[in-house]
Amino acid sequence: MAPRVDPVTADETLPARADVVIVGGGIIGVSTALFLAQKGVSTVLCEKGHIAGEQSSRNWGWVRKMGRDPRELPLIIESSRLWQGMNERVEAETGFRNTGIFYLCESKQDLAKREAWLAHAKPYQLDSRIVTGEEFDRLLPGSAGRWAGALYTASDGRAEPQRAAPAIANAARRLGATILTGCAVRGIETSAGRTAAVVTEKGRIACDAVVLAGGAWSSRFCRNLGLRLPQLKVLASVMRTAPVDGGPEAAAWGPGFAFRKRLDGGYTVAHGSSNVAEIVPDSFRFFFDFLPVLRIEWKDIRLRPGRRFLDEWRMPKRWALDEISPFERVRVLDPEPAAADIDAAKANLARAFPLFKDVPIAERWAGLIDATPDAVPVISPVETIPGFFIATGFSGHGFGIGPGAGRLMADLVTGGPPVVDPAPFRFSRFTDGSRPRPTTGV
Ligand SMILES: Cc1cc2nc3c(=O)[nH]c(=O)nc-3n(C[C@H](O)[C@H](O)[C@H](O)COP(=O)(O)OP(=O)(O)OC[C@H]3O[C@@H](n4cnc5c(N)ncnc54)[C@H](O)[C@@H]3O)c2cc1C
């Protein structure tokens, strides 16, 4: 069920000491490692499974500025710039291509809703715009749908999730970072209140700073430190088609389908408007934090009781650092995809783009998205534990912003001038009375 991910040559020996230890080898962890290594900082990355085993290899591969929450725009603009030069920077193929992205609209009302987002794009002079009629047909041929038009950004693009994070990890390693796989971090040790070391299942690494980039595991990691990080998981299902001749180069999101061309000539396809939030103990713990986002997204999220309730209930909430931690018990989160969502996506896509009608499905998988109450990530120091940093909660759109987030985190850890204002991503917004809310439903 898990998509095949490019291999990364991992290190065998656990260093006794490093300046910085990164917990998690998804796109955020490896990007942070790359930018720290480029600054000459001694860095160790610990991944409990394999590099990009979870969300970072399972996503659609969209690198989009379009439709972003305005708080993320400066960072995604920086990230898009980094993607442009990423193949050269890491001396490998990440699959990045500038092919454009469309949000297809069936009605004038839908189009007006999408158009409203352009007010956020204007101060940054983004190339996002509405396209209709002949221009739309020319830019996105092959559609049988009757579209009122689309929101389109030519400078948005795509990359290959199964290749990008491994390529970045390999480059970080060439620059001196140590990459450890099959190496869960159980927790951190402090000395006089400051971060002093991580304890892994393979031993202890003394360090000055720790970056938690643990994706869907971050809230559990924080809980053992006495920190409350509101974060829930949302199940999103995906399929890969066999190669398709003459299909669209651009990616598009329409009613009940989303597609993106792959380097292998096939397409990554998903429903796009149907995700499952399984009811788990954290659903109750964080219910009031997530109520505002549920009110906005209720049409697209199905709440469902399931087996994960018991699995998560049984997981220890607290553990000592000499005990096996929850992270060693689940090397790779590999949930069952929702077959109905994938079948519906395929049918909806074939109706809108008949070229896809008889294309075989080559593979199906699912991923668990880690969401925050305002759908904006945390990229931040933790004030109460000096030397402890969090980069998580990318809420279903962290692949595109990953390189930018890694760069920002490297700036924060080293105390350099941050590449963008980090204030919107501060951890303290959950406790300082800010009442975090999503600000766009696009
Ligand atoms: C189906 C789907 C479609 C998506 N589509 C897009 C898209 O098109 N564009 C986009 O921008 N984003 C998309 N996303 C979101 C994107 O994939 C994520 O936001 C991004 O990959 C998050 O990266 P990460 O590094 O934070 O987390 P992850 O990739 O989940 O990595 C976290 C890693 O930390 C490891 N870990 C956790 N705890 C520990 C520990 N204690 N010790 C050691 N290792 C640990 C885990 O094993 C894991 O490998 C999508 C997500 C899904 C699931």
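Numbering of ligands and ligand atoms starts at 1, following listing order.
- Considering backbone and side-chain N/O atoms, Ile27 comes within less than 3.5 Å of an N/O atom of ligand 1.
- None of Phe399, Tyr267, Trp253, Phe257 except one satisfies the ring pair (Phe, Tyr, Trp, His ring centres under 6.0 Å) rule with Trp60; the exception is Trp253.
- Using a cutoff of 4.0 Å between basic side-chain nitrogens and carboxylate oxygens, Asp156 and Arg158 are not scored as salt-bridged.
- A salt bridge does not link Glu312 with Arg307: every distance from a Lys NZ or Arg NE/NH1/NH2 to an Asp or Glu carboxylate oxygen is 4.0 Å or more.
- Heavy-atom contacts of Ile369 reach the following atoms of ligand 1: 51 (C), 52 (C), 53 (C) (cutoff under 4.0 Å).
- Remark: ligand 1 atoms within the under-4.0 Å shell around heavy atoms of Val238 are 1 (C).
- Taking a cut-off of under 4.0 Å to the non-hydrogen atoms of Ala184, the atoms of ligand 1 that pass are 42 (N), 43 (C).
- Neither the backbone nor the side chain of Ser237 has any atom closer than 4.0 Å to an atom of ligand 1 (non-hydrogen atoms only).
- Residue contacts with ligand 1: Thr392 is excluded, as none of its non-hydrogen atoms falls under 4.0 Å.
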Please tabulate, one pair per line, all N/O donor-acceptor pairs under 3.5 Å involving side-chain atoms of residues 10-25, not counting sequence neighbours.
unit_1: Asp11; atom_1: OD1; unit_2: Arg173; atom_2: NE; d: 3.3
unit_1: Asp11; atom_1: OD1; unit_2: Arg173; atom_2: NH2; d: 3.1
unit_1: Asp11; atom_1: OD2; unit_2: Arg173; atom_2: NE; d: 2.9
unit_1: Asp11; atom_1: OD2; unit_2: Ile179; atom_2: N; d: 2.8
unit_1: Arg17; atom_1: NH2; unit_2: Asp208; atom_2: OD1; d: 3.0
unit_1: Arg17; atom_1: NH2; unit_2: Asp208; atom_2: OD2; d: 3.0
unit_1: Asp19; atom_1: OD2; unit_2: Ser42; atom_2: N; d: 3.1

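- Below 3.5 Å of separation, one finds an N or O of Ser56 facing an N or O of ligand 1.
- Every atom of ligand 1 with a heavy atom of Cys46 under 4.0 Å away is listed here by number and element: 43 (C), 44 (N).
- Ranking the protein heavy atoms by distance from atom 39 (C) of ligand 1 puts Val23 CG1, 3.8 Å first.
- The nearest heavy-atom contact from the protein to atom 48 (C) of ligand 1 is Glu47 OE1, 3.4 Å.
- Counting heavy atoms under 4.0 Å from ligand 1, residue Lys48 touches it through both backbone and side chain.
- Every residue two or more places apart in sequence or in another chain that forms a salt bridge (charged side-chain N to carboxylate O under 4.0 Å, His left out) with Arg331 is listed here: Glu201.
- Arg220 and Gln231 share no donor-acceptor pair across their side chains, judged by distance under 3.5 Å alone.
- In this structure, Arg186 pairs ionically with Glu328, as a charged nitrogen and a carboxylate oxygen lie closer than 4.0 Å.
- The protein heavy-atom contact nearest to atom 18 (C) of ligand 1 is Gln55 OE1, 3.5 Å.
- Residue Phe399 places at least one N or O, backbone or side chain, under 3.5 Å from an N or O of ligand 1.
- Scanning the protein for heavy atoms near atom 13 (C) of ligand 1, the closest one is Gly396 O, 3.2 Å.
- Note on Asp110 versus Lys113: no salt bridge recorded, every NZ/NE/NH1/NH2 to OD/OE distance being 4.0 Å or above.
- A salt bridge does not link Lys233 with Glu278: none of the charged nitrogens is closer than 4.0 Å to a carboxylate oxygen.
- Scanning all protein heavy atoms for the shortest distance to atom 9 (N) of ligand 1 gives Trp62 O, 2.9 Å.
- Proximity of a side-chain donor or acceptor of Lys346 to a complementary backbone N or O of Val359 within less than 3.5 Å is detected.
- The distance from ligand 1 to the heavy atoms of Ala236 drops below 4.0 Å at these ligand atoms: 1 (C).
- Using a 4.0 Å cut-off to heavy atoms of Gly214, the atoms of ligand 1 that qualify are 32 (C), 34 (O), 37 (C).
- Polar contact check, Asn59 against ligand 1: a nitrogen or oxygen pair lies under 3.5 Å apart.
- The shortest N or O to N or O distance between Phe394 and ligand 1 is not below 3.5 Å.
- At the shortest separation from atom 41 (N) of ligand 1 among protein heavy atoms lies Val185 O, 3.0 Å.
- Closest to atom 34 (O) of ligand 1, if we only count protein heavy atoms, is Gly24 CA, 3.2 Å.
- Each of the following atoms of ligand 1 lies closer than 4.0 Å to a heavy atom of Arg58: 1 (C), 2 (C).
- Residues Glu189 and Arg204 are paired through a salt bridge, judged by an N-O separation under 4.0 Å between the basic side chain and the carboxylate.
- Put simply, CZ on Arg97 and CZ on Arg262 are 13.5 Å apart, with the number rounded to the nearest 0.5 Å.
- In summary, Arg364 and Asp343 engage in a salt bridge, as defined by a charged side-chain N under 4.0 Å from a carboxylate O.
- Scanning all protein heavy atoms for the shortest distance to atom 5 (N) of ligand 1 gives Trp60 N, 3.1 Å.
- Atoms of ligand 1 found under 4.0 Å from any heavy atom of Gly400 (numbered from 1 in listed order, with element): 10 (C), 11 (O).
- Residue contacts with ligand 1, taken as heavy atom pairs separated by less than 4.0 Å, involve Trp217 solely via side-chain atoms from C-beta onward.
- Note: Leu45 CG to Leu34 CG = 11.5 Å, rounded to the nearest 0.5 Å.
- Of the heavy atoms in Ile28, both backbone and side-chain atoms come closer than 4.0 Å to ligand 1.
- The only option from Leu180, Val198, Thr200, Val185 that meets the side chain to side chain contact (heavy atoms under 4.5 Å, CB included) definition with Val44 turns out to be Leu180.
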